[in-house]
Peer 1: 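Quick one: the structure is below, and I'll ask about it shortly.
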Amino acid sequence: MTQLSRCAHVRRMRNAREMFEERPRNDMPKPNKPSTAANRFIQCLIAISCMASAIASAAEARTILFVGNSYTYGQNSSVRYYKADTVTDLNGPGATGKTVGGVPAIFKAFTVQAGLDYAVSVETVGGIGLDYHYAEKRHALDQPWDVVALQGLSTLEGKQPGNPEILRVSSKNLVDMFRARNPRGEVWMTAVWSRPDKVYPEDAPWYGTPIDRMGADISVAYNAAAKNANASGVVEIGLAWNRAIATRVAGSNPYLGMPSSQINLWSWDNFHPSDYGYYLEALMLFGKITGKDPLSLGENEAVAEDLGFSKSHALALQKIAHDQLLAK
């Protein structure tokens, strides 16, 4: 051994003693550089692990289906095609070549902001009730959904406004169908709101009653239907509208004009919601179905910003939903 080698050997031994104290020389670990094949094997394992995690994450997404009409898809508003690529429209593109975003897409946006994973689908046909969906759309609807939200005709029945019988029968049929596919699935009834065009004109079925009466009657009918069908419960959207009016967050009579300090929950036809009305609808669905407080979305909530709401209006509507969800 040369003098240079001997010095190097001594230094290695000294370093070994310092690191491993009195560890015998024969136990000294020797560096072992992984081979190219070993590196490839490790990389494959990492890739497989990542893929498995992604698949597991996707499998954990809760499936939710929204069934309804123009109140669900967002007629007369910018909500109708909002983020349509984030939800699945079971009916496919309409006459415009577009698919629906609507309230389901707002719900999806809320869940993303809340860190929740929902796979959202929607099946809507304008101007009809739940009986049509059961009779004509079962081939698309009959799947083992985790959650379903059912929204029927705004007047309960077209020919006899206020008659709850069709809602009672059709909701029971749909709940039974969904529960047969997934006994643990949730099925929610979404009670809608008062319509000024059905309250203020002299020939309107709720003429002569306060604006909140129609929404209250709708709530009673939906609660009876939900009980009869053994549904998971009722999302009291109409009562949230009544609360917004009672607290002067929203105006009550669009025929007389709305005070500048109050939100108009209805669109130009005094029938369908405005962007504000659809936003409140989605807040109620989000809070009831996920259990999350709508106020947790905050003044910088993304959908409100996209729709051009002021921060004060976004918070006011979130507060209405919060209070209604806590109401007994």
Side-chain angles (χ1 to χ4, degrees), residues 51 54-75 77-130 132-152 170-171 173-175 177-182 184-190 231-232 235 237 272-273 275 278-279 281-290 292 302-303 306-307:
M51 290 173 62
I55 293 171
S57 177
E60 291 170 1
R62 298 197 79 197
T63 59
I64 180 169
L65 169 67
F66 291 87
V67 179
N69 50 41
S70 57
Y71 276 12
T72 297
Y73 67 64
Q75 181 71 30
S77 77
S78 56
V79 166
R80 183 168 186 173
Y81 302 113
Y82 180 76
K83 292 185 179 294
D85 60 332
T86 66
V87 302
T88 300
D89 186 346
L90 299 185
N91 291 327
T96 63
K98 299 178 181 179
T99 55
V100 165
V103 172
I106 298 179
F107 173 89
K108 173 67 175 181
F110 288 165
T111 63
V112 170
Q113 292 173 82
L116 304 174
D117 192 4
Y118 277 81
V120 180
S121 296
V122 54
E123 192 280 300
T124 54
V125 180
I128 51 84
L130 294 176
Y132 175 89
H133 295 283
Y134 182 72
E136 303 295 334
K137 297 292 183 175
R138 269 180 289 176
H139 63 282
L141 304 180
D142 193 6
Q143 300 181 46
W145 308 98
D146 294 319
V147 186
V148 177
L150 300 175
Q151 177 258 307
S170 59
S171 57
N173 289 337
L174 285 166
V175 171
M177 180 187 75
F178 290 127
R179 288 274 168 73
R181 294 300 300 267
N182 183 2
R184 294 185 298 276
E186 300 174 16
V187 185
W188 296 91
M189 306 289 295
T190 59
S232 302
V235 185
I237 301 168
H272 291 93
D275 285 354
Y278 287 119
Y279 186 77
E281 179 183 356
L283 286 170
M284 288 295 295
L285 288 159
F286 168 74
K288 191 70 170 182
I289 290 169
T290 70
K292 296 288 186 180
V303 176
D306 288 345
L307 297 177

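Predicted, not measured: the structure shown is a model, and the values here were computed from it.
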Peer 1: Using 0.5 Å steps for rounding, measure from the CD atom of Gln151 to the CE atom of Met189.
Peer 2: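 If I round to the nearest 0.5 Å, the distance is 10.0 Å.
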Peer 1: Should Thr86 and Val120 count as side-chain neighbours, where that means a heavy-atom distance under 4.5 Å?
Peer 2: no
Peer 1: What about Tyr278 and Tyr82, are their ring centers closer than 6.0 Å?
Peer 2: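 That pair fails the under 6.0 Å test.
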Peer 1: Check whether NZ of the Lys or CZ of the Arg Arg138 lies under 6.0 Å from the centre of the six-membered ring of Tyr134 and within 45 degrees of that ring's axis.
Peer 2: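 Ring-cation test returns yes.
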Peer 1: Quick one: pull up CG in Asp85 and OG1 in Thr99 and give me the separation to the nearest 0.5 Å.
Peer 2: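 Going from the CG atom of Asp85 to the OG1 atom of Thr99 covers 8.0 Å.
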Peer 1: Which pair of non-hydrogen atoms, one from Val100 and one from Thr124, has the smallest distance, and what is that distance?
Peer 2: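 Looking at all heavy atoms of both residues, the shortest contact is CG2-OG1, 4.1 Å.
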Peer 1: Mind running side-chain contact (heavy atoms from CB on, under 4.5 Å) on Thr290 and Phe107 for me, showing each step along the way?
Peer 2: CA-CA 10 Å; Thr290 70; Phe107 173 89; 4.1 Å; yes
Peer 1: Report yes if some heavy atom in the side chain of Trp145 is under 4.5 Å from a heavy atom in the side chain of Asn182; otherwise report no.
Peer 2: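 Answer no - side chains too far apart.
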Peer 1: Rounded to the nearest 0.5 Å, what separation is found between the CD1 atom of Ile106 and the NZ atom of Lys83?
Peer 2: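 That separation rounds to 11.0 Å.
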Peer 1: Hey, what do you get for CG (Asn69) to NE2 (His272), rounding to the nearest 0.5 Å?
Peer 2: 7.0 Å
Peer 1: List the atom of Thr63, the atom of Pro144, and the distance in Å for their closest heavy-atom pair.
Peer 2: OG1-O, 4.2 Å
Peer 1: So which atom in Ala109 and which in Val303 form the shortest heavy-atom distance, rounded to 0.1 Å?
Peer 2: CB-CG2, 3.5 Å
Peer 1: At their closest point, which heavy atom of Ser78 faces which heavy atom of Leu307, and how far apart are they?
Peer 2: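 Looking at all heavy atoms of both residues, the closest pair is OG-CD2, 3.6 Å.
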Peer 1: For the OG1 atom of Thr111 and the CZ atom of Phe286, what is their distance to the nearest 0.5 Å?
Peer 2: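 That separation rounds to 7.5 Å.
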Peer 1: Taking all non-hydrogen atoms of both residues into account, name the closest pair between Ser232 and Glu186 and its distance.
Peer 2: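 Result for this residue pair: OG-CA, 3.2 Å.
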Peer 1: So Asp275 and Tyr279, do their side chains get closer than 4.5 Å, heavy atoms only?
Peer 2: no
Peer 1: Identify which one of Val187, Leu65, Thr190 satisfies the side-chain contact (heavy atoms from CB on, under 4.5 Å) criterion when paired with Leu150.
Peer 2: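 Passing option: Val187.
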Peer 1: Within a radius of less than 6.0 Å around NZ of Lys137, do more than 12 heavy atoms belonging to other residues, nucleotides or ligands occur?
Peer 2: yes
Peer 1: Testing the basics here: between Leu130 and Ser171, what is the closest heavy-atom pair and its distance to 0.1 Å?
Peer 2: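 Between these two residues, the closest heavy atoms are CD1-CB, 4.3 Å.
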Peer 1: Looking at side-chain heavy atoms only, is the closest gap between Phe110 and Leu116 below 4.5 Å?
Peer 2: no
Peer 1: Does the separation of the ring centres of Phe66 and Tyr71 fall below 6.0 angstrom?
Peer 2: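 Between Tyr71 and Phe66, which both carry aromatic rings, the centre distance is not below 6.0 Å.
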Peer 1: Okay, side chain of Glu123, backbone of Leu141: is any donor-acceptor separation there less than 3.5 Å?
Peer 2: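 Flag not set: sc Glu123 to bb Leu141 has no pair under 3.5 Å.
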Peer 1: If you measure from NZ on Lys108 to OG on Ser121, what distance do you get to the nearest 0.5 Å?
Peer 2: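 With rounding to 0.5 Å, NZ (Lys108) is 10.0 Å from OG (Ser121).
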